[in-house]
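One structure is given below, encoded as structure tokens.
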Amino acid sequence: MSNTSTDPGASATGAPDVAVRLRGIGKTFPGVVANHDVDIDVRRGTIHAIVGENGAGKSTLMKILYGVQKPDSGTIELDGQPVVLSSPSDAIGHGVGMVFQHFMLADNLTVLENVVLGAEKLHGIGDGARTKIREISAAYGLGIEPDDLVADLGVGARQRIEILKVLYRGARIIILDEPTAVLVPQEVDELFDNLRELKAEGLAVIFISHKLDEVLSVADEVTVIRRGATVSTVPADSVTSRQLAELMVGSELPSPSTELSTVTDVEVLEVVDLHLPDARGGRPLLDGISLRIHRGEILGIAGVEGNGQAELVEAIMGMRPDATGRIELNDGDIAGWSTRERREAGIGYIPEDRHRQGLLLDAPLWENRVLGHQTREPNIAGPFIDRRGARDDTERIVREYDVRSPGIDTLARALSGGNQQKLIVGREMSSEPSLLIAAHPTRGVDVGAQAAIWDHIKRARRDGLAVLLISADLDELIGLSDTIAVLLRGRLVGTFDPGDVTPQQLGSAMTGATDEEETA
Amino acid sequence: MRRLNKLTAAAAVTALVFAGAGCSKKSSDDESAAGEDCVEKGDVKVGMAFDVGGRGDQSFNDSAAKGLDKAACELGFEVKDAEAQDGEPESAREERLQQLVDAGYNPVVAVGFAYSASVGKIAKANPDVNFAIVDDAVEGENISNLLFAEEQGSFLVGAAAALKSETGTIGFVGGVDTELIKKFEAGYKAGAKAADPKVKVQSVYLSTPPDFSGFGDPAKGNTAATGMFEKDADVVYHAAGGSGGGVFQAATDAKKWAIGVDSDQAKTADESVRDSILTSMTKNIDVAVYDFLKGVEGDDIKTGPQVYDLKSDGVGYSTTGGHVDDIKDKLDEYKQQIIDGTITVPSK
Amino acid sequence: MTGSRMTRIALALAAPALALVTAFLITSLVLILAGDDWLGVWSQILSWPTNRTMVNIVNSATVYYLSAVAVAIGFRMNLFNIGVDGQYRIASFAAAWVAGEALLPGPLNIVLALLAGMFVGAMWAGIAGLLRVTRGVSEVISTIMLNAIATAVVAYLLRKVAVREEGSNIISTKPLPEGSRIPGIPFLGGEIYGFVVIAVIVGIAYWVLLNRSRFGFDLRAAGQSESAAVASGINVKKMMLVTMLMSGAIAGLVGLPLLFGQAYAYGSTFQSGLGFAGIAIALLGRNHPIGIAIGALLFAWLDQQSNPLQILLDVSPDIVKVTQGVIVLTVVIAYEVVRRYGVRLEQRHVAAALDPQFQQKEVSA
Ligand SMILES: Nc1ncnc2c1ncn2[C@@H]1O[C@H](COP(=O)(O)OP(=O)(O)OP(=O)(O)O)[C@@H](O)[C@H]1O
Ligand SMILES: [Mg+2]
């Protein structure tokens, strides 16, 4: 094992520049050790990345530092002082703030209202607070207007509000759990600029990501966690992403192979002139969408979150009764069908929000295998659930998709984000769909598992699967798709050939920065 | 966590419902029975099963208790009582009676028509024990039915109300919408019409079975009566047990008249409201109970229906305060006509 | 393996035991503060019941059981049907009326009345279901209001169809003809309701339907996560409506043991408040058919054994309402406490099994 780590024990205890010192942190959950013997030093004025496989224990560690979870063992020192953090408010009191992957903003409130919510004591709720927000925004180049309505803002801006919220509460140590998963490249760059500002002001930033190139471009130091333990901490300028990946999994990664096109001329899905009005009377959520996908074809949809991706998927799945237009599956009109009928007709569905739409968090894994497929083999026997069949097939999915779990009776909630995602992908692929609607199929999944999921999808495509792929990860879109269409404000504004498009070009099209004639 | 909260909330609501029911514990000391002038205790043990509300309801349970206590004192009976709970099953009533029997109480007096079926059944199962039931006609060899002609007494106070009213509008507040209380209303209306054919009678019931709260909710009584006073009524008769206190209060506040029920409430109600009580329709349950118990002592128990009406002075009207002195002759005339049978008072 | 299984069972029993002990202590405290003979109270309540009381316990538990199952069906789908109370009263009335009219001979008349009760209960609950799915009105609010409306409707209709015996102040529906009564089952020298059999069938059907059937899966999924249910193809609105209808149909059975086995008519003294007891018992039994059965027997035991308290000790039987209330409140907390303890226990096992050094360190720490 290559170990280029700067031995944390070497620096003098309580060294003035160490903002966070974790020593011997351990945490077990039923059936798993999430963390043990984790040692990390985060210096002030640096960006510290944490990487590791799905289920390695990254989120758990950060939740411990943010007081959400209590460690079973180990100590936390902040600025040289040992502390016990038993709740997030404790952590905030000690200057630790966290931005979760899922934003916690109220849409119909203004930025100001969202920021002061729960922190009314700090600077009041009026002009004092407004001034303070402007100040912070200016100091770190966040570009936030306190009186904007959150509903009108894009994903990148929302994330900056989350960061501002944390700064507003006086955080000097900022944790970001997979902040880039939902951002397009331009937004990622902006975020990183913001992070550099923070670091220049002497704050410590800890961030988690599965995108190793990003990690290397922005972080000063990288800590690799494997199976709950720290493997090493390395300076970012001394490793390559390949080396990092090897540190993460403890062996070499398979290199993904490029594939020949398998597109046929048999149409699987045809959507004609799909409209979806906004119930609140705004501009239509979907505006005249027409598309077709053939057997063996992957159609990628690029777009900044909130431009109609979720609505498009839900309309095709029959979850949007207001939608009008023609939807044909294998030459049959399915526009009037229920979601269940569409699923039974052979549509697999990987929803974008796995917690809200993909899983029953408080049900065991094998019941989650049944979810969405509760009218089909191997899950049922007549009007009854076939427990044996469902359980056996869950075992298979867990094996084939490398879902790391103590067992199939474990509750879905107890899986790490990436492993939950793998379970969903495995489930949707196992019914041999003719059309797969995949929204962010590898979101939050580590590099190894990402490659595996891509392989699964490609293999199915070879066998004739048609895929509608929505992803914020442009490399994924470009790497998998046969065609890429860009969705902007509810309309398809252009089609690209993934063979000769760069992420930057796509990014511009997605934000509406290019003229339409530029699109190929 | 959210789930737990929802559960806890559900549990808390439920617990409150139960705890609320649990607050109404009432002690049933028989102190009044141990007064100094009382005779020595003999060996007759009387059991009494009250309806919901029990002792302290300032209404018909109390009235029955008064008769019981009097018997305890003057006849030297040992007494024991137990009260019903709101919404209880039939089996609870049967158990109560049977347990009194098992504990050696004989006779057993059941207060209120809710005991109809249970008295019928338990009396049959225990032929050697004597039973009495107030307000119900259930038949049995060993059952005495203590019945009242409430409509006759109500007729007289209805007439009094109409005679005293200056606005020509009077009111009736019933506690719970039951057949029994409808008898009061019917008599009251008939009496009022007899005295003044043009009189207007407003009437309201405070609750509907199985909700019996109308017998014990002064606030509801107050609201109902106040409403009537605001709509021109100047005399309101209540047959609402413990809710009557609110009616009296409303009358006092509005400087109008109220009419009491069951006992002479100008003597028993809160001092501050007594002056607003025009008269009361007396229903002498205590007399009936005492009569029955006296029969036990004298080995002269009358089984079957014992009707207490104007004739036998089982019902009547009170004159405390002298507010009806000016119309007393008129009222006594009606009374005589009812006794003679010249007037038949409807009971519904 | 068997060791951990034993621990699991022990943990499952620990929560209700903890709740019972707490309820016992708090009730004792109330009794002591009120200056009552608390030892006497417990020795009465915990004494072995007489045969007659035993019969009453089983009978009363039967009624509670049906009520709690009706509530539990709603709970499983995240619907809080507070309206079981109104549903069973209006359904009992309907069943009593239908049975009293004796449209069909003997046993057929029973079946007709059962169906009528279930139908009316379902319809009454269905109103709340419909309001929820079409107008988004919370079933908590609507069922509370429907309870009040049921009271008024029943009072009104009862007066319309009632028969009244001369001299009686009780009004009730026409009594059931002899042939349309459900005969009791001999038990300890007395008779328990024949309806016990139907309650058992309901319990089994509830379990099979909820835990083993596709329909039950959909129902539970919709209850756990509406959004996930929608994405999985479940028509959540339909499920809500169906669940309310089912809950109401079972609620429609609640009063029928009383009707067919004891009262033989619906009148002004028909037992009320059973729906609220059902909520408590469903919580206590964790919506599990066996748990509910135990909870129902416990509540019935407390009720029946406390009956003589007034006569023996001058203590109002209302005191067991305090006990019951405390049980419900504490059982929820106890389940959570025990669950957390169990998780900790398991964590320690896992840690020890996976990492021997870890164990040593913990010991030395
Ligand atoms: N609440 C919980 N209960 C039980 N086990 C849990 C719980 N949370 C996490 N775990 C387990 O702890 C381990 C570490 O999970 P964690 O979420 O920290 O992983 P991660 O490194 O963030 O992974 P990912 O990249 O997939 O998000 C996993 O095996 C997971 O199953
Ligand atoms: Mg994570």
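Every chain is numbered from 1 and lettered A, B, ... according to where its sequence line falls, protein lines coming before strand lines.
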Keeping A:Arg343 on the side-chain end and C:Ala231 on the backbone end, is there a donor-acceptor pair under 3.5 Å?
yes

Contact winner vs chain C - A:Ser338, A:Gly358, A:Gly372, heavy-atom pairs under 4.5 Å:
A:Gly372

Which bit of C:Asn211 comes within less than 4.5 Å of chain A, counting heavy atoms only: side chain, backbone, both or neither?
backbone

Would you say CZ of A:Arg227 has more than 12 non-hydrogen atoms from neighbouring residues, nucleotides or ligands within 6.0 angstrom?
no

Only one of A:His373, A:Arg388, A:Arg369, A:Arg391 passes side chain to side chain contact (heavy atoms under 4.5 Å, CB included) with A:Pro378, and that residue is A:Arg369

Which pair of heavy atoms, one from C:Ala70 and one from C:Val84, lies closest together, and at what distance?
CB-CG2, 4.0 Å

Heavy-atom proximity to chain C below 4.5 Å, by part of A:Glu367
both

Heavy-atom closest pair, residues C:Ala296 and C:Ile281:
N-CG2, 3.6 Å

Might you work through the side chain to side chain contact (heavy atoms under 4.5 Å, CB included) test for A:Trp366 and A:Ile397, ending with a clear yes or no?
CA-CA 10 Å; A:Trp366 74 264; A:Ile397 292 174; over 6 Å; no

Would you mind checking which part of A:Pro383 comes under 4.5 Å of any heavy atom in chain C, side chain (CB onward), backbone (N, CA, C, O), both or neither?
backbone

When the 4.5 angstrom heavy-atom criterion is applied to A:Arg342 and chain C, the contacting part is neither

Between C:Ile234 and chain A, which part of the residue has a heavy atom less than 4.5 Å away: side chain, backbone, both or neither?
both

Checking heavy atoms, do the side chain of A:Met317, its backbone, both or neither come under 4.5 Å from chain C?
neither

Side chain from CB out, backbone as N, CA, C, O: work out which of these in A:Leu359 comes under 4.5 Å of a heavy atom of chain C, or both, or neither.
backbone

